Amino acid sequence: MARSTLLFHLSDIHFGLEDGKALDWVRREIAERRPAAVAITGDLTMRARRREFAAACDWIRALDVPVTVEIGNHDMPYFNLVERFLAPYRRFHAIEGLVEREIDLPGLAIVPLKTAVRAQPRLNWSKGWVSRTALRNCLAAIDALPPGTKALVAVHHPLREVGTKGTALTVNGTRALTELARRPVLAVLSGHVHDPFDIVEDTANGPVRMIGAGTLSRRLRSTPPSFNELTWDGEALAVRVRSLDEVPTRDMQIDDVPADALPPREPGEPVAPVNQVPLEDPPVH
Ligand SMILES: [Fe+2]
Ligand SMILES: [Fe+2]
C-alpha cells in the first residue's frame, strides 16, 4: 500500500498578535512529524505591518518543509489606503521566495483560490469575494494537474457560512463551490473564522468538503489555538484538530451549518435564492 501523505493546515497566525507558546509547539511538531507540506490559509499578520511580515518570514524560514500561504484580509495595508489601492500585495510579497504558490505532491496538489480583495462595494472589506479572475485561475490550475491528481483548494474565507461566530459572507462562494464540485477536489481548506470545522456542502454539481483551521493567534473566538493535521491515504482524507490542550477533534469542530452565505436579513425581508447572487467583480480587485 502506498505511504500516506501528512499535511499540516495552519491559519490566522496574525503575527503582531500571535500566540508564541502555540507557535513554538507547532514548530516543534513540524520538525518532528515532517509533514509533506504546510498550508497556511491567510491572515499571516495582524495589520500587514512590515515588522509583522518580517516575524512571519523568520518563522517560516525556520520550517524545513514546503509551505504555501494564501493571502488574508489582514495581509493588505490597513491604515495606508493609497498603498492598499495601488499596491495591495507589495507587503505580502515579503514572503515570496520562502513559500510556493501551488504545492505539487505525488497524486495530490494544493491549489490557491484568492478570496481577499483590496476593496468591495459593501462597507465591510474584511469579508470574502471570489472574483471572476481568481476563480478562473484556480480552475485552470486544477484542470492542468496530471490525470488522477486530487486537489486541495486553499482559500482564506470559507466559501459559505459554517456556523462559527466569525462570518465570511463570501460573495460568489456558492458559485465557486459549484464549479469545484465538478473537479477532483478533495476539500477546500480555509481560515478566517478562527474556529475549526469539517463539513460537506451539497451543490448542484455534487458535494464539496470544506475544512477550516482555527487560529494560532490570541484572537480567539470559541476554541483554543489549534491547527489541522490532514492525512491522505489515497482514498480518504482524515482530519485531526490539534490543540495544546489536546481537546478532542469533535469538541473543537463547529458543525452547525446555516442555510446560506448571505448577509443577515431585516425582519420580514424575503429570502433571496443563493443563485441570484451575481458573479460580479468589485470595482477593483
Ligand atoms: Fe483572522
Ligand atoms: Fe480573515
Side-chain angles (χ1 to χ4, degrees), residues 8-23 26 38-49 51-53 55-56 59-60 67-79 81 84 88-89 91-92 94-95 99 112-120 122-131 134 138 153-173 176 188-197 210-228 241-243 252-254 261 263 282 285:
F8 279 10
H9 171 199
L10 282 47
S11 204
D12 297 74
I13 302 176
H14 285 291
F15 278 96
L17 208 62
E18 76 277 18
D19 185 320
K21 193 176 159 200
L23 277 186
V26 176
V38 173
I40 304 177
T41 48
D43 280 359
L44 194 57
T45 67
M46 191 55 217
R47 288 288 176 233
R49 295 180 181 99
R51 65 173 179 274
E52 294 170 354
F53 275 115
W59 193 79
I60 290 171
V67 177
T68 183
V69 179
E70 188 48 32
I71 189 165
N73 52 295
H74 279 258
D75 300 324
M76 286 179 273
Y78 184 79
F79 300 107
L81 281 184
R84 184 176 176 114
Y89 313 121
R91 300 182 190 191
F92 185 74
I95 61 166
V99 302
L113 170 60
K114 192 167 83 70
T115 60
V117 290
R118 73 183 84 178
Q120 43 186 300
R122 57 178 163 175
L123 284 177
N124 193 336
W125 293 357
S126 73
K127 302 304 181 188
W129 192 299
V130 180
S131 74
C138 173
V153 175
V155 300
H156 176 58
H157 300 83
L159 295 178
R160 60 161 292 172
E161 295 313 286
V162 284
T164 46
K165 268 190 195 167
T167 60
L169 303 175
T170 302
V171 171
N172 299 327
V188 179
L189 310 181
S190 60
H192 183 70
V193 293
H194 290 208
D195 286 318
F197 59 86
M210 296 170 56
I211 296 170
T215 182
L216 289 166
S217 75
R218 287 175 276 148
R219 287 166 60 91
L220 300 179
R221 296 236 166 83
S222 302
T223 50
S226 67
F227 71 94
N228 285 344
V241 181
R242 303 285 314 277
S243 64
M252 289 287 286
Q253 288 173 331
I254 306 293
H285 56 83

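In listed order, ligands and their atoms are each counted from 1. These figures come from a predicted structure and were not determined experimentally.
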Peer 1: Which atom name would you report as the N, O or S atom of Asp12 nearest the Fe ion (ligand 1)?
Peer 2: OD2
Peer 1: Can you name the N, O or S atom of His192 that is closest to the Fe ion (ligand 2)?
Peer 2: ND1
Peer 1: Is there a side-chain contact between Tyr89 and Met76 in this structure, where contact means two heavy atoms from C-beta onward sitting under 4.5 Å apart?
Peer 2: yes
Peer 1: Below 30° counts as parallel, above 60° as perpendicular, anything between as tilted: where do the rings of His14 and His194 land?
Peer 2: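 Plane angle between 30° and 60°, so tilted.
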Peer 1: Tell me whether the rings of Phe8 and Phe227 are parallel (<30°), tilted (30 to 60°) or perpendicular (>60°).
Peer 2: tilted
Peer 1: I'd like to know if the side chain of Arg84 reaches the main chain of Arg118, judged simply by a donor and an acceptor atom lying under 3.5 Å from each other, with no hydrogens or angles considered.
Peer 2: yes
Peer 1: Counting backbone and side-chain atoms alike, does His194 have an N/O/S atom under 2.8 Å from the Fe ion (ligand 1)?
Peer 2: yes
Peer 1: Angle at the Fe ion (ligand 2): provide the value between NE2 of His156 and OD1 of Asn73, rounding to 10 degrees.
Peer 2: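 Centred on the Fe ion (ligand 2), the NE2/OD1 angle is 90° (to 10°).
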Peer 1: Within the side chain of Arg218, is there an N or O that forms a donor-acceptor pair under 3.5 Å with the backbone of Glu18?
Peer 2: yes
Peer 1: Of the backbone and side-chain N, O or S atoms of Asp43, does one lie nearer to the Fe ion (ligand 2) than 2.8 Å?
Peer 2: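 Given the 2.8 Å cut-off, Asp43 counts as a ligand of the Fe ion (ligand 2).
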Peer 1: Indicate whether any N or O donor in one side chain lies under 3.5 Å from an N or O acceptor in the other, for Asp12 and Ser217.
Peer 2: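 No - no donor-acceptor pair under 3.5 Å links their side chains.
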Peer 1: Does the shortest distance from the Fe ion (ligand 2) to an N/O/S atom of His74 fall below 2.8 Å?
Peer 2: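 No N, O or S atom of His74 is closer than 2.8 Å to the Fe ion (ligand 2), so no.
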Peer 1: Give a yes or no on whether Ser126 keeps an N, O or S atom under 2.8 Å from the Fe ion (ligand 2).
Peer 2: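 Coordinating: no.
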